[in-house]
Amino acid sequence: MEVIRDPGEMTQWSNRCIGAGRTIALVPTMGYFHDGHTSLMRLAGRHADRVVVSLFVNPIQFGPGEDLEVYPRDFPRDRDIAERAGVAVLFAPEARSMYPNGFLTGITVEKLTDGLCGSRRPGHFDGVTTVVGKLFHIVKPHCAVFGEKDYQQLAVIRKMTVDLNWDIDIIGHPIVREEDGLALSSRNKYLDAEMRRSALSLSKAIRLAQTRAREGIRSARQLESEISGFIHSHPGTAVEYVSFIDCHDLEEKEIIDNNTLLALAVTVGGKVRLIDNGMLFPGPSNKK
Ligand code: AMP
């Protein structure tokens with residue numbers, strides 16, 4: 001596996017690869033790899049001849065007071081994991097090479113970024129779409145793999161790719177979970193034993209909502225208050241949002257139907273912000 005730090009060198013590598021008739025799959029990440037990341041890498045390997053993983057803790061998608069400085073990092077460990085997952089190139093640029101002095105340009109996707117994490121983290125999705133747009137230009141992938149764990153992010157990137165005529169296939173990967181249901185996340189590293197028990201309330205809440213929907217509840221408002229109450233019954237939890245949305249356009253729903261997705265953001269222990277989501281009626285017929 002090659003480690004490339006310079007964006008220009010990355011593009012030269014991609015040009016050679018494409019010139020030799022090979023396809024490239026890109027997996028954008030912020031590192032501190034877990035099994036979710038490696039599943040994305042393996043899926044990428046099934047869709048193209050070469051996998052490029054970007055590892056970049058993108059400063060412009062973090063707001064003031066967020067965890068940019070303390071975001072978990074372990075480059076040697078990530079390099080080994082990526083190598084074992086069959087990655088061809090780990091692209092790990094420095095912030096100053098991605099955003100040199102005088103950088104003035106950004107990409108904004110409207111509407112889809114209005115709710116959920118978009119309204120709670122102003123500027124976050126502009127940072128995400130701008131860096132992913134840059135990565136698309138630098139790496140020139142034929143396809144790119146993103147996790148459904150960041151459901152709004154995946155929807156926003158799909159829209160950006162279509163709207164800006166990028167000939168890149170955007171592939172979603174289902175959420176990878178621990179055996180007890182906790183969605184894997186680099187931020188789980190911050191959880192002590194008690195916080196981890198409380199963090200389980202997110203996946204349990206999704207299962208509870210699925211059960212209540214199966215039992216016949218259709219009012220999003222009723223379910224919202226039940227689910228918020230359930231999460232808050234776990235010590236140290238603060239609900240940021242419990243939202244029932246359409247899985248295609250992300251619009252809030254009043255009445256639950258086959259296309260309804262429950263999206264959650266919860267802060268645990270006053271500092272660890274976790275997200276999770278799930279379809280209320282899971283099944284092949286209503287998946288994106
Ligand atoms: P991150 O490094 O957290 O920015 O994540 C990089 C990519 O991995 C994003 O597309 C995430 O949606 C995806 N990802 C993170 N955690 C999971 C998970 N538990 N299951 C599936 N995909 C994930």
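Values below: every heavy atom of this structure, side chains too, minus hydrogens, waters and symmetry copies. As the structure lists them, so they are numbered: ligands from 1, and atoms in each ligand from 1. Residue numbers count from 1 along this sequence.
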Thr113 side, atom OG1; His124 side, atom NE2 - distance, nearest 0.5 Å
10.5 Å
If you take the nearest heavy atom of each of Tyr71, Phe56, Phe33, Tyr32, which one is closest to atom 3 (O) of ligand 1?
Tyr71
Provide, to 0.1 Å, the distance between atom 23 (C) of ligand 1 and the closest protein heavy atom, together with that atom's residue and name.
Lys149 CB, 4.1 Å
Contact atoms of ligand 1, heavy-atom distance to Gly147 under 4.0 Å:
9 (C), 10 (O), 11 (C), 12 (O), 13 (C), 22 (N)
Under 4.0 Å from a heavy atom of Pro28: give me the atoms of ligand 1 that qualify, with their elements.
6 (C), 7 (C)
Where the closest heavy atom to atom 21 (C) of ligand 1 is concerned, which of Ser185, Ser39, Pro174 has it?
Pro174
Top protein contact for atom 8 (O) of ligand 1, by heavy-atom distance:
Leu40 CD2, 3.4 Å
Identify, by atom number and element, the atoms of ligand 1 in contact range of Ile175, meaning under 4.0 Å from any of its heavy atoms.
20 (N), 21 (C)
Ligand 1 and Asp150, any nitrogen or oxygen pair closer than 3.5 angstrom?
yes
Hydrogens and angles aside, do Asn15 and Gln12 bring a side-chain donor and acceptor to less than 3.5 Å of each other?
no
Using a strict 4.0 Å threshold on nitrogen-to-oxygen distance, state whether Arg187 and Asp67 make a salt bridge.
yes
Just wondering, more than 12 heavy atoms not from Asp167 lying within 6.0 Å of its CG?
no
Is it the case that Glu252 and Ser243 place a side-chain donor and acceptor less than 3.5 Å from each other?
yes
Using a strict threshold of under 4.0 Å (side-chain N to carboxylate O), is an ion pair present between Lys253 and Asp257?
yes
Which of the atoms of ligand 1 are close to Leu184, meaning less than 4.0 Å from one of its heavy atoms?
16 (N), 17 (C), 18 (C), 19 (N)
Less than 3.5 Å between some nitrogen or oxygen of Val176 and one of ligand 1, yes or no?
yes
Under 4.0 Å from ligand 1, counting heavy atoms only, is it the side chain of His37, its backbone, both or neither?
side chain
Do you see a donor-acceptor pair shorter than 3.5 Å between the side chains of Asp276 and Tyr151?
no
With heavy-atom distances below 4.0 Å as the criterion, list the atoms of ligand 1 near His34.
15 (C), 16 (N), 17 (C)
Under a 4.0 Å heavy-atom limit, does Val27 contact ligand 1 with its side chain, its backbone, both, or neither?
neither
Hey, are Glu224 and Arg221 close enough for a salt bridge, meaning a charged N less than 4.0 Å from a carboxylate O?
no
Using the rule side chain to side chain contact (heavy atoms under 4.5 Å, CB included), only one of Thr129, Val128, Asp126 pairs with Val109; which is it?
Thr129
